[in-house]
Amino acid sequence: MNKLFKKIIGFPQSESGESFLSSFSAILFGVAFGFILMLIFNPSEAFEGIGIILTGGFEAGRSSLGTVLVNSAPIIITGLSVGFAFKTGLFNIGATGQLTVGAFAAIFVGVNWTFLPGNLHWIVAVLAAILAGAIWGIIPGLLKAFLNVHEVVATIMLNYIAMYLVVLGVKETVFNSLRSESLSVHPNAAIPTFGLDKIFPDSSITGGLILAFIAVIIIYIILKKTTFGYQLKAVGFNRYAAQYAGINEKMNIVYSMAIAGALSGLAGAVVFLTQSGIHITTTYILLPQGFDGIAVALLGLSTPIGVLFAGIFFGYIKVGGFFLQRLAFEKEIISVIIASIIYFSALSAIFKKYVRKVFATKKNSDGGDE
Amino acid sequence: MEYVIEMLNITKDFPGIRANDNVTLQLKKGEIHALLGENGAGKSTLMSILFGLYQPTSGTIKVRGEEVVVRNPNDANEMQIGMVHQHFKLVHNFTVAENIILGKEDTNRGFLNMDDAIKKITALSERYNFNIDANALISDISVGMQQRVEILKMLYRDAEIMIFDEPTAVLTPQEISELMKIMKHLTEEGKSIILITHKLKEIKAVSNRCSVLRKGKYIGTVDVGKTSIEQMAEMMVGRKVLFEVEKGASKIGESILSVKNLNMTNKVGKEVLRDVSFEVKAGEILCIAGIEGNGQTQLIEAITGLNSHFSGNVFIREDEITHKSIRNKTLTGIGHIPEDRHKHGLVLDYNLGENMILQSYFDNEFQNYGFLDFEAISKHTNDLIERFDIRIGRGERTSARSMSGGNQQKAIVAREFDRNPDLMIAVQPTRGLDVGAIEYIHKQLVRLRDENKAVLLVSLELDEVLSVSDRILVMYEGELVANVYPKDVTENDLGLYMSGSKRGAV
Ligand SMILES: Nc1ncnc2c1ncn2[C@@H]1O[C@H](COP(=O)(O)OP(=O)(O)OP(=O)(O)O)[C@@H](O)[C@H]1O
Ligand SMILES: [Mg+2]
């Protein structure tokens with residue numbers, strides 16, 4: 001009993017407790033900010049509105065929860081991509097580009113390679129997406145390792161290159177000219193639901209969520225349990241010490257970017273390998289799931305488990321935003337509110353400092369003996 | 001009341017460790033009060049409490065007889081308390097003046113009032129003979145000068161009580177004697193100083209009284225004039241300490257390391273190594289002596305592979321390893337205690353266990369099929385903690401960042417010795433260590449040499465150079481200028497070689 005009590009009291013000071021509290025306060029701050037925006041734009045419905053945002057994910061029961069998870073799966077994976085790179089000392093701003101090329105590779109295989117039987121078709125499509133994303137990650141990795149080109153610059157440029165190339169590629173190979181978008185993938189190429197559709201009926205849920213979970217577990221294991229992860233993190237924390245220890249920094253940068261890219265590519269497959277009518281359009285826009293990944297990684301403090309919860313939270317808030325349309329909010333205002341909540345929440349690293357300070361002084365003034 | 005500072009019954013707990021246990025420290029006006037204690041005894045912690053960086057778990061602080069709470073360094077500044085930290089806190093791409101006024105900027109309608117600041121700084125610098133250019137960039141001035149900037153920072157804030165945390169660990173002997181003069185000058189003006197140092201000679205030379213801590217506990221305060229160095233050492237360690245290194249005659253064997261015609265020019269085109277050639281043999285401790293900045297760092301970087309922009313050849317036994325990878329060199333049997341423990345020696349964000357496998361995580365002992373074997377790592381770490389007497393709070397899970405400076409150094413030493421290399425390159429291995437730990441490390445170096453291994457020691461401390469080494473090479477401006485045996489030279493001779501006033505045969 002006493003032990004449990006100590007554990008609860010000590011939680012804010014423990015490392016995971018600190019992380020949890022800081023992420024939580026960041027979210028509160030984000031929601032408060034969203035609420036202020038609602039007060040400004042539509043004061044009479046602000047209270048109802050914030051209620052809808054916060055409960056929307058449960059609005060239609062399991063169906064809307066399903067939608068939450070559909071939204072969450074890809075941003076969990078792009079969040080992992082950004083967070084993983086960050087743990088190894090790299091800023092991967094290129095998740096959206098890697099996701100885009102992954103999406104194209106997945107759709108290309110999904111539409112054209114109908115000779116692949118049954119389950120093999122979607123598996124190959126997913127692998128193609130992973131491979132394409134990895135290549136798109138390796139390019140800035142090589143540039144950084146051998147030519148000292150900063151990865152932020154390289155990945156941003158590659159985002160645009162990916163966008164234009166993919167629109168071109170869609171037009172040339174998998175074009176539905178009637179609707180100006182990519183063709184639908186063969187039913188075999190859609191990621192199966194693994195029975196999730198029974199748990200979350202009437203939603204467009206796919207097995208993408210399962211793939212996201214698997215990715216979280218794999219990245220967790222790499223970072224926590226393997227010599228490979230040990231090396232990568234050493235370079236990220238202190239490249240000089242890593243050099244001293246004989247770790248090949250250049251190759252580590254390339255590996256790290258390859259994995260980050262592969263993850264974002266997988267996210268592309270998760271978004272587009274579905275039967276629910278989602279296609280690559282031929283308008284020139286950068287896909288948002290890549291950028292959301294940055295916010296997810298920030299809120300989740302770059303750890304796989306943190307990213308998992310952050311991704312689900314963002315998916316949840318987005319569904320809440322969808323239901324907000326019932327009230328008299330402009331569509332654009334809703335986007336602004338949701339984006340504000342998400343991006344303010346992403347400031348959790350800043351809150352970590354304060355959490356530490358508040359609880360450190362508190363403990364001391366208690367004068368508590370061990 | 002004659003005490004300007006009283007810290008009474010101070011206790012400070014960190015997770016898993018009591019860093020200060022009912023400690024009392026009383027500082028008289030105008031005195032230099034030394035604070036002595038082993039690595040991890042809690043000296044820095046106690047001073048951080050006085051400076052407002054930590055809050056004590058219990059105990060009271062009185063400043064000029066009045067009970068106070070120091071919530072943060074700003075409070076401390078207001079009470080005219082200043083501190084020079086163990087690791088300096090300067091902004092490298094700022095000028096001297098910018099660093100000094102940082103946090104106390106004088107503004108006029110939002111614009112910095114630099115001119116007045118520079119005037120005041122120049123006046124202060126002249127008064128204390130600091131010889132400092134207020135407009136120089138921090139990155140361009142020597143470590144000794146940087147320390148003066150830290151002192152000026154305190155003076156600029158009108159500090160009356162000054163805390164120096166191991167100020168001499170990074171200084172050359174010349175700089176040390178100048179610092180001592182400055183400190184005396186300051187106390188003559190009525191300022192009071194708390195000085196943390198592991199060098200008992202310095203305590204003897206400048207301080208009036210000395211308080212001793214051992215494992216967080218207060219042992220006592222003595223009058224330095226009436227206490228011998230040996231007595232102080234015993235108070236601090238709890239046993240007699242040997243200041244002489246015990247060693248027998250060396251049995252010189254085959255050549256282990258040979259370096260041929262190393263030349264290196266730095267980024268701005270200056271020659272930093274000039275035709276350096278030498279050999280280290282099995283059973284020998286060879287010491288490279290010299291004043292900091294005469295090419296020792298670059299020489300070691302070339303041998304270990306941290307820098308590959310040089311010409312010449314490096315051999316281990318008969319095998320050329322000049323341009324082999326660092327990993328490769330490590331595996332051929334080189335141990336390396338690096339000069340800068342925070343830059344190269346440790347990953348501060350890793351815990352102690354993770355740091356202990358930094359050079360061997362890929363070894364089958366610590367991994368199976370690429371998966372780290374945490375049980376083995378933990379066992380290994382605890383073994384080293386015990387054998388090398390590393391004092392920490394939470395075993396292998398202690399974060400390297402939270403360890404005391406000396407214990408960080410011990411951890412690196414433990415890691416490198418444990419690999420039992422044929423050639424040990426030890427760069428200032430005892431920097432920042434207490435006398436007990438220094439004794440221990442010297443014994444280990446001698447043990448390696450007695451086991452027929454080769455030791456290449458780089459040291460700035462004449463005492464260490466003369467007592468530990470079997471042979472001494474003196475480096476001056478990138479060149480070897482003397483090859484001597486400790487029994488044939490005096491400190492004075494060495495000083496002359498080191499300052500370039502004398503040359504010998506190499
Ligand atoms: N922030 C911290 N968190 C946890 N433990 C700490 C922290 N700071 C210091 N400690 C622990 O408290 C003890 C005292 O450390 P401190 O730095 O005061 O030693 P020190 O006497 O200055 O030693 P050194 O001579 O090696 O610098 C050490 O065991 C250290 O590991
Ligand atoms: Mg200290």
Side-chain angles (χ1 to χ4, degrees), chain A residues 6-7 9-18 86-89 218 220-252 255 301-303 353 356-370, chain B residues 11-18 49 54-59 69 71-72 301 304-307 324-331 334 336 338 340-350 354-355 357-363 366-374 377 397 399-401 412 415:
Chain A
K6 251 189 190 162
K7 221 174 182 169
I9 292 289
F11 184 64
Q13 281 118 24
S14 73
E15 208 162 306
S16 42
E18 231 172 60
F86 189 71
K87 279 263 172 206
T88 68
I218 292 177
Y220 176 85
I221 290 175
I222 290 182
L223 283 175
K224 283 267 179 182
K225 308 282 181 199
T226 66
T227 52
F228 179 54
Y230 176 90
Q231 255 174 223
L232 290 174
K233 280 189 297 177
V235 174
F237 285 141
N238 181 352
R239 51 187 292 198
Y240 298 104
Q243 188 199 10
Y244 158 86
I247 294 170
N248 186 336
E249 189 200 354
K250 290 187 167 38
M251 282 323 288
N252 270 288
Y255 292 145
L301 296 169
S302 295
T303 65
K353 223 170 71 190
R356 187 171 291 167
K357 229 180 174 163
V358 168
F359 284 96
T361 38
K362 189 124 169 231
K363 190 193 180 194
N364 288 322
S365 53
D366 288 350
D369 262 359
E370 278 286 279
Chain B
T11 295
K12 173 69 187 170
D13 290 325
F14 286 119
I17 195 160
R18 176 159 288 183
I49 290 172
Y54 294 137
Q55 295 306 310
T57 309
S58 65
V69 179
R71 279 165 310 180
N72 51 43
E301 281 179 353
T304 54
L306 286 173
N307 185 343
K324 290 249 168 83
S325 71
I326 296 182
R327 175 66 51 81
N328 217 308
K329 293 185 180 187
T330 308
L331 294 178
I334 298 182
H336 179 195
D340 188 335
R341 58 178 167 246
H342 286 176
K343 186 173 176 191
H344 289 117
L346 293 169
V347 178
L348 290 175
D349 294 298
Y350 270 163
E354 288 165 321
N355 271 293
I357 55 165
L358 193 57
Q359 300 263 45
S360 50
Y361 64 90
F362 46 85
D363 198 291
F366 301 118
Q367 57 108 9
N368 302 307
Y369 309 106
F371 287 87
L372 290 167
D373 181 347
F374 290 98
I377 294 169
R397 281 163 51 231
S399 90
R401 198 181 287 288
I412 296 170
R415 179 183 70 213

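Just the heavy atoms: all of them, side chains too, but no hydrogens, waters or symmetry mates, feed the values below. Proteins get letters first, then strands, A, B, ... in listed order; numbering begins at 1 in each.
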Self-check item: salt bridge (charged side-chain N to carboxylate O under 4.0 Å, His left out) contacts in which one or both residues fall within residues 236-252 of chain A, not counting sequence neighbours
Solution: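 For residues 236-252 of chain A, and leaving out neighbouring residues, the salt bridge (charged side-chain N to carboxylate O under 4.0 Å, His left out) pairs sorted by first residue read A/Arg239-A/Glu249.
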Is [X] in contact with chain A via its backbone, its side chain, both, or neither, using a 4.5 Å heavy-atom distance?
X	result
B/Leu331	neither
B/Phe374	side chain
B/Arg415	side chain
B/His342	backbone

Rounded distance [0.5 Å steps], [atom1] in [X] versus [atom2] in [Y]:
X	Y	atom1	atom2	answer
A/Tyr244	B/Gln359	OH	CD	4.5 Å
A/Phe237	B/Arg401	CZ	CZ	9.5 Å
A/Thr227	B/Asp373	OG1	CG	12.0 Å

Practice problem: Would you please test A/Gln231 and B/Phe362 for side-chain contact (heavy atoms from CB on, under 4.5 Å) and show each step? | Solution: CA-CA 10 Å; A/Gln231 255 174 223; B/Phe362 46 85; 5.8 Å; no
Quiz item: Is a side-chain donor or acceptor of A/Asn238 paired with a backbone partner of B/His344 at a separation under 3.5 angstrom?
Solution: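 The answer is no, because no donor-acceptor pair under 3.5 Å joins these two groups.
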Exercise. Check for a donor-acceptor pair, side chain of A/Gln243 on one end and backbone N or O of B/Leu306 on the other, with a separation under 3.5 Å.
Key: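 Pair found, side chain donor or acceptor close to backbone of B/Leu306.
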Self-check item: Greatest number of heavy atom pairs closer than 4.5 Å to chain A - which of B/Ser360, B/Gly345, B/Pro338, B/Gly305
Solution: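 Option with the greatest count: B/Pro338.
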Quiz item: So which heavy atom on A/Tyr230 is nearest to which on B/Tyr350, and how close?
Solution: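 Result for this residue pair: O-OH, 2.6 Å.
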Quiz item: Which atom names give the shortest non-hydrogen contact between A/Ala241 and B/Leu358, and what distance separates them?
Solution: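 For A/Ala241 and B/Leu358, the tightest heavy-atom pair comes out as O-CD2, 4.3 Å.
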Quiz prompt | chain B contact via A/Ile221 - side chain, backbone, both or neither, heavy atoms under 4.5 Å | solution =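 For A/Ile221, the side chain is the part near chain B, not the backbone.
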Exercise. Examine whether an atom of A/Lys224 lies under 4.5 Å from a heavy atom of chain B, and if so say whether it belongs to the side chain, the backbone or both; otherwise answer neither.
Key: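 For A/Lys224, the contact with chain B is made by the backbone alone.
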Exercise. Please indicate whether A/Phe228 has more than 12 foreign heavy atoms, meaning atoms of other residues, nucleotides or ligands, lying under 6.0 Å from its CZ.
Key: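 More than 12 within 6.0 Å, yes.
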Quiz item: Is it true that atom OH of A/Tyr240 has more than 12 heavy atoms of other residues, nucleotides or ligands lying nearer than 6.0 Å?
Solution: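 Counting neighbours around OH of A/Tyr240, 12 or fewer heavy atoms of other residues, nucleotides or ligands fall under 6.0 Å, so no.
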